[in-house]
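Reviewing the structure listed below.
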Amino acid sequence: MLFRQAGIFHTDYAADRAMFPIPLDRWMVGVLLALGLAAPWVFSSLALTSYVMPWLIWAAAALGLNLILGWAGQFHFGYAAIMGIGAYTAVHGVRAGIPWEIAVVLGGLMATVVGIVFAFAALRVKGLYLALSTLALQFVMDWVISHVPAISGGVSATLQAPTLRLLGQQVTSEAGLYYVALGWCLFVTVFMLNLRRTALGRALVAVREKDFAAAVIGVQSFYYKLVAFATSSFIGGVSGAILVFTFYHAVTPEQFSVNVSIELLAMVIVGGLASIIGSYFGAAFILLLPGQINQLVAWTAKLMGADIGVETLAHIPQMVYGALIIGVLLVEPMGLGKLYANVRNYLLVWPFGYARK
Amino acid sequence: MKKTWISTLAGAVMLLAGQAALAQKAEPVRFALCYDLSKAYTFVTPQIVQAAKDYADILNAKGGIQGHKIEIIAQDHGNEPQRGIECYEKLKREGVMIFDTLSTPVSRAVLPRVMADGNILLQSFVGRGDAIDGDVFKWIFPIGPTYWGQVANDIQYIKNYHKGSLKGVKVGFVYPDYAFGQEPIPVLKTLAATEGFELQLYPNPLPGKDQAALWTQVRRANPDWIITWNLSAMHVVAAKEMKRNGIPMDKLISVNWFNEVDINNIGAAEAKGMKRGTNVVGGQNHPLIQQILKDLYGKGKGNGDRKNLDDVYYNTGLAMYSVAFEGVRLAIKQGGWPLTPAKIKAGMESLRNFDANGLIAPVTVTAKDHGGGGKTRIDMWDGTKWTPQSDWISAYGDVVEKVIKEQSAEFAKTSK
Amino acid sequence: MDLTYLLELSVNGALAGLMYSLVAMGIVLIYKSSSVPNLAQGSLVMLGAYIVLAFSNGLGAPMWMAIPLAMAFMFFAGMGIERLALRRLAGRPIVMILMMTLGLDIFLRAGAMTIWGGSGRPMRIGISDDPLFLGPLLLNRAYVVGAAVTLVLFAVFVLFFRTRRGVVLRAISDDYMASWSVGISVERGVALSWALASVVATTAGVLWGSIQSVDQSLSTLLLKGITVGVLGGLDSLGGAILAGILLGVLESVASGYLDKLLGGGSRDLVVAAVLILTIMIRPHGLFGRHDIERI
Amino acid sequence: MTATPTQVPDEAGDEVLTLNNVEVIYDRIALAIKGVSVQVPRGGMIALLGANGAGKSTMLKAVSGLLAAERGLVTRGEVCFMGEDIGGLAPQRRVKMGIVQVLEGRRVFEHLTPDENLVAASAIHGSRHDMARNRDMVYTYFPRLRERRAAAAGYLSGGEQQMLAIGRALMTQPKLLMLDEPSLGLAPFLVAEIFDIVRRINREEGLSVLLVEQNAVAALEVVSHGYLMDNGRIVMHDSAEAMKKNPDIQQFYLGGAEGRNFHDIKHYSRRKRWLS
């Protein structure tokens, strides 16, 4: 009964279809929000800048990818390239003197344009073949970025990002950069929460379940797939730009290479398809876990007095990480988001579990 | 009664203070090696870490640097910028001032932060070449030659071989098609224009293991010299393909990243005649290595596999950390304890003709020049060992300098 | 236009392409029986090579014995992977299956590096490195051997698929439900296909290992394998062979003529372009089956 | 109008298949059949009639064990084959015991030739000798297949594919042959031909047959008894003759329903449900 459903009577449709109809959810969201806002004082500066902030940005990007993968059911193996386009466009924009906000939006729009081109090429097929064609497009983008010095920034292929200026104000403090990231992440999250309740969201789900069938009931599947690609590309592009401005401070081709695409994919799948909270879990899992396992293994080795070489010590966490991905998929193929939902469903009726049966 | 209580307290306070002083005296100098130990750079990083730890043990046995123990912190970042930054940020907050990343993507990602924070980033033999411009890259210390300098020296060697004229000579450049491989091209192009040799470029897409078509082209074009910018297994493929295409081994000049593992994979006899741009002396004749063998491995106290000592990358690690430890020694000697990044910087910049007892060409680091001279030499594999083919040389300083200035100016312009 | 040059590029490209086919064959075998695109095939290739070395260097077996032993080992390893990791995901959306094979890839690669370390080892199977001339054409000896082995394996599989057990495997790839209905153990068939794919991977590991020495980078052969597989049609072994030749020739000729114009790396572009065009024009590949989707 | 299965000759112990009060749930949510009890006598030929979605295929799959592949589960009751509870067995074990199901929609191995189809189906019974003998038997019953033995099965006509599907099932040396909608999409003369052959097989090979059909006219011509299933329940069980005469059956399944519209059929179903 932690999530109390009994005794809640919605007297109008608005209340019934509210984002969080259950009070405890509302409370939890409130607490999380408060924690998010107070983070600069709650977390150590290390945790804030190296864990929380990048996590939020990657979660936003994962949400964007989840829009295509989870909601619209279309593969995208080239999402990192899309993020890279946003990042490069925004950095070049700011360097050319465009105000930061506009440059970031431009980055998003450029990503959208390229994303739509992707989509036109890729959406003629589906399933595995869509995955492969987007993967091929990722390679094309990688090639273009690293072979056009005007984009990549010369021989050493790094492009310094100018200082972030929000509304003309320089933002350099840890807290300031964090709030920019938080703001974007919240924006994307609220957008995704609302998407579930709109006609667009439902149409996407229809397309995902069976696009022919969706067409039969009057959903233009190609149009909606295109919209999904465009929207998600915009989110990806802006996330890429924000990642560079707040976290990397410089943009290089490797930051958006094919393994990053695969990591993003892993975030979404391990987190849970079409699960918003899952995207947060997934981003944390993929992004933060390897480093943490690293320390855990080193600590355990020291504790047991085992003398493991520095090299072996580095490979074990990688192995554990692979095993964990396999494990999550075996235990709950719908990902961490579903695991959370299972717990929540259990608690919904706890302690009256039999009410379900 | 009361008096005793006070005196006890005073005694305790004094004891604590004394311990604090003792602790301060014993406080170590810490070096953070945020390395890629699990993905792309595993062919070199374990040897370097092992060398750094071994040398630190040797020094620590003698009391460390100016009485301060050395602590080597090695952490894996898997060649991912995100985790490299995490490693840097974490250790920075724990008070580490000297960092070493040894991975192009991570170096690029960490560099802006190091510059902003004013910490020391060691980048010997790796990372961006323009960082030797000490005016712009105040906190970056790529002591040793850059790739630009190395390739210029290769050309100088070829020029000497042809008795001073490169007219009509054909030089092929085989490189993996990404930043590391592309880097020497501007210098090569400039030199081709000024010296009049014909430059042929042979890009090889990553992962670089499939070079059949490439060597067919090389055999057709038949260059007089082939400079390769390969890494680990790419060398093996290249050497085997040369054999199969009937290209003589002695035409080959490799980048410095070519070690005994590669030789073994090619076959020691097969590799005979090939040359390497060398910036660290290989072999175990060096007194330091002899000492390490005796004091550490002889007693089973080594920091890893004894086999790794046969590897030139181990020597490379020793060279890198000889330079770093010497810089820190100078820093403490000049500025005293506690260390600050500024003191370390000053210490590094006062290295004069330091050659790590003959491991490297002597380097002289100044505030302007963080490279230290950029000397390399050409070694040849004679079937059993590397034999020097030239002195330590540093050629075409003006050309290299020009590229460095162009690149660093670009960085200076945009990092504001 | 130098004809000999073109011919030499083409022939060596075709030979290299056939060696890609070897990687692709493993992917096809698994895809055919279970519609699982195995993104861990590259890691299986790597693992196979390491196991051969473990038998030969570690246990001191001569090569002619180490290779069959490793194949036997990998046969059961493949079965085990299917049993432990893939079977429970049968019938799940393909994203999850893809992710599972990716997780396997990470696990196997890191596992191999934990055990054997990061530096490369030689695989000596006694192929001479001396130049081999066929008239004016220089052939790449290692690739000639590799291509021959690929063709032999292909022939073996063609024959195998005519045997009773082979027919059963083909029946499974046709229709799971119908197979169950006549008492075919689909699970065992799929496991067998993983086992066979692992054996093929071992072969690929030996041949590619002898060319580029054995280290974790053998797993990157996956990309070429998948490209060849898709081009040929993921469920056609013959397609994989022909697509390998086609892609090899294209790559080789492209890098011979285009690199000078595009400033390098054109081979990757050609691969990407081939992949995209195949998918655009013939999504089921050159020889793949055209499946009809029912609403 | 009666819905009780009491007039059936009760030859206890001589049933090849007995379903006792079986309930099947899909995906842990959807209840597909409830409390179904069916008996197939040894050597008999029984029909299971009913409209689309009545639960006939589900019942067959509960017997053949193919339910699991569709996430279905027998949650109540027991399925006994020759007196043995086979509830927990894997499909191939059941085939080995002698139960075989010919799937709805024929489902031949399209990319294999008829010959290979038969070979694939003989996997369960190892010996080469058995396989050759069974194949000859199949070709004797279906001479048409012998003519087309080398073409890809996907290119056979619908009738030929149905014959192949039945032939393929015979390769497993079954004791109980279950046919799911064999008449689907076939011309009436073909249906008659195929049913005749099935009847012959039933007699000559001593094979028990459970025929699931919507086409009640054709089915009731060849079977001795029939069950009528509606909405997941058995609503009628009688001899074929009696069923043919039953006015309700005539109206709704034997084409005697002139003048009745869809609404009435619905009404009928509802009444039936209410009764049972």
Quick one: does [X]'s side chain get under 4.5 Å of [Y]'s, heavy atoms only?
{"X": "A:I325", "Y": "C:L102", "value": "no"}
{"X": "C:M96", "Y": "A:M334", "value": "yes"}
{"X": "C:M100", "Y": "A:L330", "value": "yes"}
{"X": "C:F107", "Y": "A:L324", "value": "no"}

Using non-hydrogen atoms only, which part of C:L98 is less than 4.5 Å away from chain A: side chain, backbone, both, or neither?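 Just its side chain gets close to chain A.
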Can you tell which part of C:L89 gets under 4.5 Å to a heavy atom of chain A, answering side chain, backbone, both or neither?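 For C:L89, the side chain is the part near chain A, not the backbone.
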How about A:F285: does its CZ atom have over 12 heavy atoms from other parts shown lying under 6.0 Å from it?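 Atom CZ in A:F285 is crowded, with more than 12 foreign heavy atoms closer than 6.0 Å.
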Anything in residues 267-279 of chain A with a heavy-atom distance to chain C below 4.5 Å? Please list those residues in order.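 When heavy atoms of chain C are the reference, residues 267-279 of chain A contributes A:I269, A:L273 within the under-4.5 Å range.
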Taking all non-hydrogen atoms of both residues into account, name the closest pair between C:M99 and A:A266 and its distance.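 Of all heavy-atom pairs spanning C:M99 and A:A266, the closest is CE-CB, 3.2 Å.
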Does anything in residues 218-231 of chain C reach chain A? List residues with heavy atoms under 4.5 Å apart, or say none.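 From residues 218-231 of chain C, the residues near chain A are C:L223, C:I226, C:V230.
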Within this structure, what is the OG1-CD distance for the pair C:T114 and A:Q318, rounded to the nearest 0.5 Å?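 One gets 9.0 Å once the value is rounded to the nearest 0.5 Å.
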